[in-house]
Each structure stands twice: as C-alpha cells, then as structure tokens.
Amino acid sequence: MGKPKIAFFDFTSCEGCQIEFTNYGDEATLELLKHVELVEFREAMTETTDGPIDIALVEGSFTRDADRDRLLEIRRRARYVIAYGACACTGGVNALKNHQDDFSEYVYGDDSVMPHLESGTARPISAAIEVDYEVRGCPMSKDELLLVISNLLHGTEHVVPSHPVCVECKRRETICRYDEGDHCMGQVARAGCGAPCPADGIPCEACRGFVDEPNIRALEKVLMERAGFSQKRAVGKSRMFTANLRS
Amino acid sequence: MKTTASVNIDVHHLTRVEGHGNIRVNMTNGVVERCEWQVPEAPRFFEAMVRGRHYSEVARITSRICGICSIGHTLASVKATEAALGIEVTEQTKKLRRLLKHAENFDSHVLHVYVLVAPDLLGAPSVFPLVETHGEVVACALRLKRLAHEWGSMIGGRTTHPTTVVPGGFTKLPTVAEVTVMRDRLLEAVPDLAATLATVRALAPNIPAFKRPTEYMAVTSDEEYGLYDGYIQTILPDGDRARYEVADYRSCTNEYVVPQSTAKFTRNRLNSYAAGALARFNVNYDRLHPEAKEVAGSLGISPICTNPYMNSVAQVVEIVHSAYESLHLMDELIADGIADEPLVAPTKAGTGASAVEVPRGILFHEYTYGEDGFCTGADCIIPTGQNHANIQADFTALLPWLIGAGKNENEMRLAFEMLVRAYDPCISCSTHYLDVEFVR
C-alpha cells in the first residue's frame with residue numbers, strides 16, 4: 001500500500017495555520033514526509049490532484065456561496081476532512097463582522113455596492129460539509145495537528161478535550177491573570193493548546209472556542225465584577241474569537 | 001518586436017504564493033487583448049472589525065491579517081496604537097522589537113527563497129520532490145526555518161500571531177541565558193547561510209534579465225537599515241530621493257481607483273511604485289551590514305537594481321544582513337542585561353500612524369482611539385496592495401520583452417508566474433480588495 005495522500009486547501013483566512021505547518025522545521029517535517037504523501041498544497045507546491053485523498057486539511061472560513069462547491073468537491077474526494085485553525089472550526093476573527101452591518105461601506109465607501117465585494121456571514125466549514133476532526137486555535141496547535149494525523153495513520157480515535165483552559169494553566173503553574181490584575185476567558189475556553197497565552201502574560205481569548213455548554217452570562221459577570229469591565233466591553237470581549245457561537 | 005500569432009495564458013489560483021491570484025494573458029495575431037494580474041481573494045474587512053475594540057485587543061486582531069507577516073502586523077499595530085495614545089516605549093523594548101523584526105524577515109525570506117522560488121530555478125514543481133534530488137538543500141532550508149521560528153518565539157512568544165508584543169512593551173521578556181543560547185545557534189548557522197549563498201549563486205544565471213525602472217519605497221532610518229522604525233523614503237531610477245513623514249503616509253500612497261476597473265491602486269511620483277526587499281535594497285543599500293554588502297557584490301546585485309526578479313536575490317542579501325545585525329543586537333543584550341520593565345501607560349487619546357517593513361514591503365497602520373481607549377477608526381495599507389499596480393506595469397512591459405526574446409507559451413507562462421512569485425505577494429491580507437482589469 002502506498003503512503004496516505006494528504007492535501008491542504010485554504011479558504012478565507014490569513015494562511016497562518018499553513019505557516020505553522022512549515023514551522024515544524026527539520027524536526028518533524030522530514031519525518032512526517034516519510035509517512036505521508038503530500039499531493040496538494042497550493043501555497044508551497046504547483047502539483048495538484050483531482051483524484052481521491054485520504055486526509056484533506058481545510059483552513060479558513062466559509063464566507064461566500066461560491067466556496068460551497070469547492071468544499072463539496074473536497075468532501076467528495078476525501079476519506080477524512082480535518083478542519084484546522086479557528087477560521088475553519090468556528091469562523092474565527094472573520095466572524096467579528098457578522099455582528100456589523102456597515103463593514104463594507106466602512107472599508108470600500110461608494111465602491112461597496114460592487115458585486116465582487118460581496119461577503120456573506122463568515123461561518124465554519126462545517127456549515128457547508130461534514131467535518132471529521134477539528135484542530136482548533138488561532139493559530140492551530142501544530143503539535144495537536146501532528147497528533148491527529150498520527151492517530152489517523154495508526155487507526156486510533158482522537159479525543160478532543162472539552163475541559164477549560166484554566167486546567168492547563170494550573171498544570172503548568174501559571175499565575176491566574178485575574179491575580180495579576182488582568183482579565184481572562186480561560187474559565188470557559190476549550191483547552192488543548194497547553195495554555196501558552198496566560199503563560200506569556202496575556203489573557204486567554206478563547207481562540208479554540210468554548211467548552212461544551214459554557215456559562216456565558218457568568219463569564220460576562222466575572223469580566224465585569226473581577227476585571228472591572230463595562231457591560232459593553234465584557235460582551236465585546238467574550239465575542240473575540242467566538243462571535244459565531246451564539247447570537 | 002516579432003509578432004507571435006497567439007498567446008493564451010490562464011493561470012487560475014497561482015501556486016506558491018500566499019493568497020489567491022490569477023494571471024490572464026490573451027494575444028491574437030500579435031494584438032494584445034488582455035494582459036492582467038487578478039486578485040480574487042475574499043475580502044475580510046479588518047478595518048471595520050477593530051472598531052469598538054479596546055486598544056489592548058487591536059493588535060491581536062490585526063495580526064490575523066496575515067499569517068506570514070504577523071510579527072510585522074503586530075509591530076505596526078502596537079506602534080500605531082502607541083503613537084495614538086502617547087506611549088513612548090523604552091530603548092530595551094525597541095531593541096527587542098528590532099531583533100524580533102529581523103527574525104521575521106529571516107524566517108520569511110528563507111521560506112520564500114528556498115520553498116517558493118528555488119523550485120522554479122531548479123526546474124521542479126515544488127520543494128517536496130527536491131527532498132529526493134537535493135536533500136541537503138531542503139534539510140538546510142528546514143534547519144534555518146526552524147532556527148528563525150525559535151528565535152522569533154523567544155521574543156514574541158510565537159511567530160504566528162505573537163503573544164508578548166503589546167502596546168507599551170512586552171508582557172514577557174527573554175532571559176539573558178535564552179538570548180545567549182540563541183546567539184550561539186545563530187553563529188552555528190553561518191555554514192548553512194554559506195550553503196544558501198552557494199545555492200543562490202549557482203541558480204542566479206536562471207533569473208530572467210528583464211528590467212523595468214520604477215519608483216522604490218521603504219522605511220529609512222538615519223541610524224540603520226530601517227526595518228522596524230524610521231521615516232518613508234522613495235528613490236527613482238535616476239537616484240532622486242524624496243522623504244515623507246509616517247503620519248503623512250497617505251500623501252505618498254495615494255490610493256486611487258482605475259477608471260476601467262474596480263481596483264484600488266497606489267502611486268506616488270510615477271504611475272506605480274515597488275515595495276519589498278529590492279525596494280529596501282535600493283533605498284537603504286548604504287546602511288547594509290558590511291557582510292551583506294559583500295554578499296550583494298558576489299551575487300551581482302547593486303543599487304539601483306531595476307530587475308523585479310532580483311527581489312529574491314535582495315532577500316538573500318537581507319537574510320545575511322538580519323543574521324549579522326541580530327548577532328550584534330544579541331551581544332548588546334547579553335552585555336547590558338535585560339531589565340524587568342513594566343508596560344508604559346497611555347498619556348492621551350487620538351490618532352496615530354506607523355510604518356514597519358514586513359518581508360514584502362512597507363506596511364502602514366493607523367488607528368483612532370476615544371478617551372475610553374476604544375478604537376473608532378482604522379486604516380491599513382499592506383505592501384502587496386502597493387505592489388499590485390507595479391506588478392501590472394511589469395506585466396505590460398514583460399509580454400513584448402518575452403515575445404522579443406522568442407519565448408514559447410510555456411516559457412512565457414513560467415516567466416509571468418516567476419515574476420509574481422518574485423514579489424512574494426501576500427494576498428490573503430485583503431484589507432483592501434483589488435481586482436485588476438485591463439482590457440486593451
């Protein structure tokens with residue numbers, strides 16, 4: 001049997017998750033290439049394929065109806081579809097505009113009525129096709145992506161964590177941002193990243209989305225009572241990467 | 001000029017560039033019907049999305065404009081916010097940010113030269129088949145890539161959307177011990193740099209000899225090569241220079257709409273200008289590290305170079321410059337120590353602009369904040385947006401040059417693709433949408 005065929009596809013995004021893939025450097029890239037065959041990766045290679053794919057890695061959110069056909073075609077050809085990065089999994093920061101109605105006029109002025117500037121609601125790719133696995137985060141955790149691919153190659157079921165980021169901060173003994181006079185969303189943010197941001201001195205902004213059944217009202221209350229935020233700022237903050245996950 | 005019966009080039013979603021771009025060239029019986037560079041990337045509206053956001057969040061959102069240049073976007077964003085809020089950061093902060101900027105330039109240039117450009121010059125469709133045929137070149141590229149990623153992460157927390165860089169300074173500082181380890185690793189990479197130069201030198205004859213003089217724009221500083229900070233300077237092919245203050249960036253970018261298209265172009269003294277490594281090289285050559293100047297000489301590039309394909313060679317010169325300048329900065333940090341400094345607080349509210357050189361060229365951010373610290377307006381002008389008009393002008397000149405050189409259609413297609421790739425365009429940014437439509 002040949003090596004499993006892996007292909008990368010990109011939609012509306014900054015392509016930073018593809019860059020994270022290049023950040024494996026000599027450490028993991030050459031090893032990975034021993035086990036898989038890259039058949040399509042527009043950002044790094046000219047070769048393309050229209051044949052079957054074992055694992056399709058999709059980056060970016062779904063913002064235009066025109067993207068739906070491309071996604072359906074990827075789904076048709078791929079045995080597994082992995083959405084990777086916040087944009088593909090939740091819509092990411094692209095969804096911030098979903099709560100605005102003048103974004104086009106603000107950026108393009110009188111030109112905003114032109115048809116090619118159309119941009120609909122920014123959605124996760126699961127709004128268009130069925131997704132088998134998600135590697136969340138902005139950027140995605142490259143170690144987690146390797147783990148998901150490794151599990152697929154070994155036939156092991158990948159377990160996606162649903163505990164909050166606070167657990168991972170406690171594990172690495174990071175001082176709570178609230179104790180530092182800051183704010184944080186780690187209480188309701190989905191873990192799996194290893195909580196690098198609070199360890200680097202900045203709050204968790206839930207770029208991996210929320211835990212199952214998050215208590216958003218309590219989050220806003222904590223942001224107001226413990227961080228001293230106005231209600232406007234507490235509501236805005238809690239939507240940073242998660243604008244799509246609720247009304 | 002020879003007349004070629006027909007040319008039909010249609011490259012949909014050009015590969016080995018960041019973001020989506022199309023090349024369309026049609027010529028029938030020697031008459032050019034279409035010769036255009038199109039950008040169909042979905043718009044993303046960052047300037048609208050940061051409105052209503054607290055100043056502490058803005059750089060974290062706008063760093064997501066681009067995954068490759070996210071260090072540069074973060075630096076441009078925090079510098080503009082600092083200008084708007086009257087924050088003057090410390091010398092240590094500036095030094096660490098310069099070191100971080102060098103890491104990004106080194107990282108991005110290594111990726112571009114080795115992974116995106118070298119396959120064209122080696123006659124390969126991508127870097128992956130080169131693992132078999134040129135294993136040591138690929139391994140060298142990956143080693144340098146990893147080094148740059150870890151060097152940037154040491155200061156920025158991570159290189160894709162850095163965490164530690166915030167208005168007023170850094171939330172976490174590297175230790176002197178970490179800087180010392182990184183300095184030693186960078187020194188150890190010098191043989192890999194020499195191997196890079198040897199590779200580029202061997203491939204240089206495959207670079208097309210096309211030339212088209214244009215205006216070049218870059219950040220310039222009186223003290224150094226001006227990647228992180230300075231004023232705006234442009235140079236014409238005859239050596240004539242002009243200087244602009246960063247706050248007046250609109251007066252030299254001049255975004256405008258082309259009558260026969262929906263494109264926003266930029267122009268200054270000529271109808272288009274170039275940004276990027278070649279522009280920086282042409283504008284700031286005198287301030288290059290001596291080692292980088294020597295490398296430039298050995299690679300056959302000197303100012304004012306008007307061959308746009310040579311941008312990739314200018315990137316190699318900058319890789320060497322960033323390595324040696326960074327060794328110097330690391331030596332200073334090791335000698336002086338790294339002090340634990342609190343973030344500098346805002347002193348006012350208002351509007352502030354900044355310019356930073358990202359790998360692809362000069363980048364402008366501008367924000368306005370209210371008294372409550374919330375953003376009320378934003379403007380970002382990205383390098384690739386500034387280069388689109390220049391790429392189009394190159395296209396218009398390149399087609400007759402290729403016909404004159406007797407190239408066939410496949411050779412022409414490759415020449416057009418290589419031209420776009422030489423600019424290292426970063427189209428996914430799409431803060432300003434462009435759709436270039438020239439129909440003749």
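Because only heavy atoms are used, hydrogens play no part in the values below, and waters and symmetry mates are left out as well, while side chains stay in. In what follows, every chain begins at residue 1, and chains take the letters A, B, ... in the order their sequences are listed.
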**Request:** Scan A:C17, A:P139, A:C138 and name whichever one has a side chain to side chain contact (heavy atoms under 4.5 Å, CB included) with B:T160.
**Result:** A:P139
**Contacting moiety of B:S56, where chain A heavy atoms sit under 4.5 Å** = side chain
**Asked** Side chain, backbone, both or neither: which part of A:T29 has a non-hydrogen atom closer than 4.5 Å to chain B?
**Response** side chain
**Item:** Interface moiety of B:V50 toward chain A, non-hydrogen atoms closer than 4.5 Å
**Value:** neither
**Fill in**
Residues B:G157 and A:D200: closest non-hydrogen pair is CA-OD2, 3.4 Å
**Asked** Of the non-hydrogen atoms in B:R146 and A:Y24, which two are nearest, and what is the gap between them?
**Response** CD-O, 4.2 Å
**Message:** Give me the atom names and distance for the closest heavy-atom approach of A:A199 to B:K172.
**Reply:** O-CD, 3.7 Å
**Nearest-0.5 Å distance that lies between atom OG1 in B:T171 and atom CZ in A:R177** = 7.0 Å
**Item:** Proximity breakdown for B:F170 and chain A, heavy-atom pairs closer than 4.5 Å
**Value:** neither
**Request:** Look up atom CZ in B:R51 and atom CD in A:Q100, then write down how far apart they are to the nearest 0.5 Å.
**Result:** 4.5 Å
**Asked** Between CZ of B:R53 and CZ of A:R233, what distance do you get to the nearest 0.5 Å?
**Response** 10.0 Å
**Prompt:** In terms of ring plane angle, is the pair B:F128 and A:F41 parallel, tilted or perpendicular, where the classes change at 30° and 60°?
**Reply:** parallel
**Asked** Around atom NZ of A:K142, are there more than 12 heavy atoms of other residues, nucleotides or ligands at under 6.0 Å?
**Response** yes
**Message:** I need the residue from B:V131, B:L142, B:D107 with the largest number of non-hydrogen atom pairs under 4.5 Å to chain A.
**Reply:** B:L142
**Request:** Against chain B, work out which of A:T22, A:L96, A:N23 has the most heavy-atom pairs shorter than 4.5 Å and name it.
**Result:** A:N23
**Prompt:** Is it the case that more than 12 heavy atoms not belonging to B:E341 sit under 6.0 Å from its CD atom?
**Reply:** yes
**Request:** Please say whether more than 12 non-hydrogen atoms of neighbouring residues, nucleotides or ligands are located less than 6.0 Å from CG in A:D50.
**Result:** no
**Item:** Toward chain A, the part of B:K145 with a non-hydrogen atom under 4.5 Å
**Value:** side chain
**Prompt:** Non-hydrogen atoms of chain A under 4.5 Å away: do they reach the side chain of B:T159, the backbone, both or neither?
**Reply:** side chain
**Message:** Does A:K232 form a side chain to side chain contact (heavy atoms under 4.5 Å, CB included) with B:F374? I'd like the steps, not just the answer.
**Reply:** CA-CA 11 Å; A:K232 170 191 158 191; B:F374 283 82; 4.1 Å; yes
**Nearest heavy atoms of B:R64 and A:V93, plus distance in Å** = CB-CG2, 3.9 Å
**Request:** In sequence, state the C-alpha distance, the side-chain angles, and the governing distance for A:C207 and B:H161, and then conclude on side chain to side chain contact (heavy atoms under 4.5 Å, CB included).
**Result:** CA-CA 12 Å; A:C207 69; B:H161 316 319; over 6 Å; no
**Per-residue contact mode, A:A86 against chain B (heavy atom under 4.5 angstrom)** = neither
**Prompt:** Say you draw a straight line from NE2 of B:H149 to CD1 of A:I19; how long is it, rounded to the nearest 0.5 Å?
**Reply:** 11.5 Å
**Request:** Count the heavy atoms belonging to other residues, nucleotides or ligands that lie under 6.0 Å from CG of A:L72, then report whether that count exceeds 12.
**Result:** yes
**Message:** I'd like to know if A:E20 pairs up with B:R158 as an ion pair, taking the criterion as any Lys NZ or Arg NE/NH1/NH2 lying under 4.0 Å from an Asp or Glu carboxylate oxygen.
**Reply:** no
**Complete:** Note: A:I202 and B:T163 closest approach over all heavy atoms is CG2-O, 3.3 Å
**Worked verdict on B:I61 versus A:M240 for side chain to side chain contact (heavy atoms under 4.5 Å, CB included)** = CA-CA 8 Å; B:I61 294 172; A:M240 183 110 166; 3.6 Å; yes
